[in-house]
Amino acid sequence: MVNALLFVACSLIWGSTWYAIEFQLGAVPQAWSVAYRFAGAGLILMGVCLARRVRLTWRPADHALFAAVGLFLFSANYLFVYLGTGYLTSGLVAVAFSALSVFNLVNGRLYLGQRISGATAAGAGAGLGGVVLLFWREVSTFSLADDTLVGLALILVAGYLASTGNTLLAAERTRRVPGLALNAWAMLYGGGAMALAALIWKGPPVIDTSPAYLLSYAYLVIAGSVLTFTMYLVLVQREGLARAGYVAVMTPLVALLISTLFEDYTWHATGFAGIALVLLGNLLIKRPTRRLRQTRNTGQSTGRENGAGGGGTTPAPLANPAAPKDRQAP
């Protein structure tokens with residue numbers, strides 16, 4: 001029962017954060033909203049690390065890696081997500097961002113020498129086909145004036161930036177750093193980098209004191225970036241990476257349901273086919289490999305399933321040291 005509750009909570013919260021981002025758009029430039037979010041989340045995680053006596057002092061080379069992870073995963077990536085959300089409903093943003101799984105496969109092959117199995121390749125093809133079907137009405141009537149395709153392009157760029165950050169997480173150095181410490185430092189570096197970029201690009205900080213902005217900010221920081229990450233680590237400990245990873249399969253579906261209820265997203269035949277393909281693709285990509293099944297059966301650990309794994313605002317496969325961590329939630 002506890003495991004089921006953790007799974008449902010992670011899926012619902014991460015699936016709803018895409019909609020919460022909508023309330024961050026407006027008076028505050030997107031760059032500043034991203035900076036506020038991850039600076040706040042990083043500070044809270046620092047406090048959690050201090051309370052749990054997690055090591056926070058690391059060598060300069062480690063900090064360079066933390067900064068690089070923060071730049072790709074908690075800075076540039078989210079800037080493009082926030083920009084793309086200005087053109088698309090939150091549900092479509094979530095589904096388009098799931099192309100991250102495909103980018104992870106490509107980067108894993110290019111930079112880590114990972115083999116891509118037939119089932120995984122089929123999953124990648126299904127996922128990409130599903131995204132095309134979801135946006136088929138816009139693709140079939142392509143126009144340079146169509147803002148929807150601009151939004152799609154921004155989200156795909158965000159996905160590739162996140163995949164680059166995931167590839168960095170596969171480095172040997174990150175596997176000896178506790179997940180809480182790594183994410184705390186990476187979020188602080190990411191938030192700091194985005195604050196500097198926002199200052200240069202948009203000028204001095206802008207504050208929105210409206211209830212909608214402040215409540216969505218608190219939700220994204222506390223629920224979406226800190227609380228759910230902690231719950232997900234517990235879920236990985238109790239259920240193993242393979243089963244916990246299915247949280248990332250459910251989040252786009254939750255996001256689309258919320259978009260249907262609150263953003264008047266209109267379903268169409270190709271849309272139904274598209275979401276079915278996206279879910280099928282994610283299931284095939286996240287299906288446990290023979291090596292992971294053997295590991296679970298023997299009780300051995302192949303990576304960071306023991307609570308020191310790298311997770312953050314999103315689910316990440318912590319058990320395969322050679323694979324990019326797959327972070328899929330906003």
Side-chain angles (χ1 to χ4, degrees), residues 17 20-21 24-25 27-52 54-85 154 157-169 171 173-174 177-209 213-214 216-230 310-314 316 325 327 329-330:
T17 51
I21 290 175
Q24 296 284 286
L25 308 178
V28 180
Q30 291 96 328
W32 277 117
S33 288
V34 174
Y36 297 154
R37 175 178 175 177
F38 290 107
L43 288 173
I44 293 175
L45 280 179
M46 280 287 179
V48 173
C49 288
L50 291 173
R52 298 182 59 177
V54 175
R55 176 185 169 187
L56 288 173
T57 55
W58 299 91
R59 295 179 299 180
D62 296 313
H63 279 276
L65 184 58
F66 300 160
V69 170
L71 181 64
F72 284 103
L73 278 179
F74 304 121
S75 183
N77 154 37
Y78 277 92
L79 176 61
F80 280 91
V81 167
Y82 278 51
L83 291 172
T85 302
L154 289 169
V157 170
Y160 189 78
L161 290 172
S163 177
T164 303
N166 288 341
T167 305
L168 289 172
L169 284 176
R173 189 181 299 276
T174 65
V177 180
L180 282 172
L182 190 155
N183 280 275
W185 279 116
M187 287 182 184
L188 284 179
Y189 280 122
M194 187 51 60
L196 179 60
L199 186 63
I200 296 172
W201 179 27
K202 295 294 184 179
V206 177
I207 303 296
D208 184 350
T209 57
Y213 186 89
L214 294 178
S216 61
Y217 171 77
Y219 184 75
L220 288 168
V221 171
I222 298 173
S225 302
V226 176
L227 178 62
T228 319
F229 159 62
T230 305
T313 56
T314 54
K325 278 61 174 179
R327 301 176 177 238

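Taking 4.5 Å as the limit, some side-chain heavy atom of Phe74 sits within range of a side-chain heavy atom of Asn183. Residues Arg37 and Ile21 form a side-chain contact, since some pair of their non-hydrogen atoms from C-beta on lies under 4.5 Å apart.
The CG atom of Leu182 lies 11.5 Å from the CG atom of Leu56; values are rounded to the nearest 0.5 Å. Atom CG of Leu161 and atom OH of Tyr78 lie 12.0 Å apart (nearest 0.5 Å). Residue Leu65 holds its CG atom at 7.5 Å from CG of Leu169, rounded to the nearest 0.5 Å. To the nearest 0.5 Å, atoms CE (Met46) and CG (Leu188) are separated by 4.5 Å. The CH2 atom of Trp201 sits 8.0 Å away from the CE atom of Met194 when rounded to the nearest 0.5 Å.
Distance alone, capped at 3.5 Å, places no donor-acceptor pair between the Trp185 side chain and the Gly70 backbone.
Across all their heavy atoms, Ala181 and Val177 have their closest contact at CB-CG1, 4.3 Å. Of all heavy-atom pairs between Tyr217 and Gly40, the closest is OH-CA, 3.8 Å. Scanning all heavy atoms of the two residues, the minimum distance from Ala41 to Met187 falls at CB-SD, 3.6 Å. Of all the heavy atoms in Ala162 and Leu73, the pair that sits closest is O-CD2, 3.4 Å. Across all their heavy atoms, Phe38 and Ser225 have their closest contact at CE2-OG, 4.4 Å. Minimum interatomic distance between Gly224 and Thr17 (heavy atoms only, all atoms of both residues): CA-CG2, 3.8 Å.
Evaluation of the side-chain contact (heavy atoms from CB on, under 4.5 Å) rule for Ala67 yields Tyr189 as partners, not counting sequence neighbours. Residues that satisfy the side-chain contact (heavy atoms from CB on, under 4.5 Å) test with Ala68, not counting sequence neighbours, are Leu168. The side-chain contact (heavy atoms from CB on, under 4.5 Å) test applied to Ala158 returns Asn77, Phe80, Val81, Phe97, not counting sequence neighbours. Residues satisfying the ring pair (Phe, Tyr, Trp, His ring centres under 6.0 Å) criterion with Tyr82, sequence neighbours excluded, are absent altogether. The side-chain contact (heavy atoms from CB on, under 4.5 Å) search around Ile207 returns Tyr36, Thr209, not counting sequence neighbours.
Listed by first and then second residue, the salt bridge (charged side-chain N to carboxylate O under 4.0 Å, His left out) pairs that reach into residues 186-201 come to none, sequence neighbours excluded.
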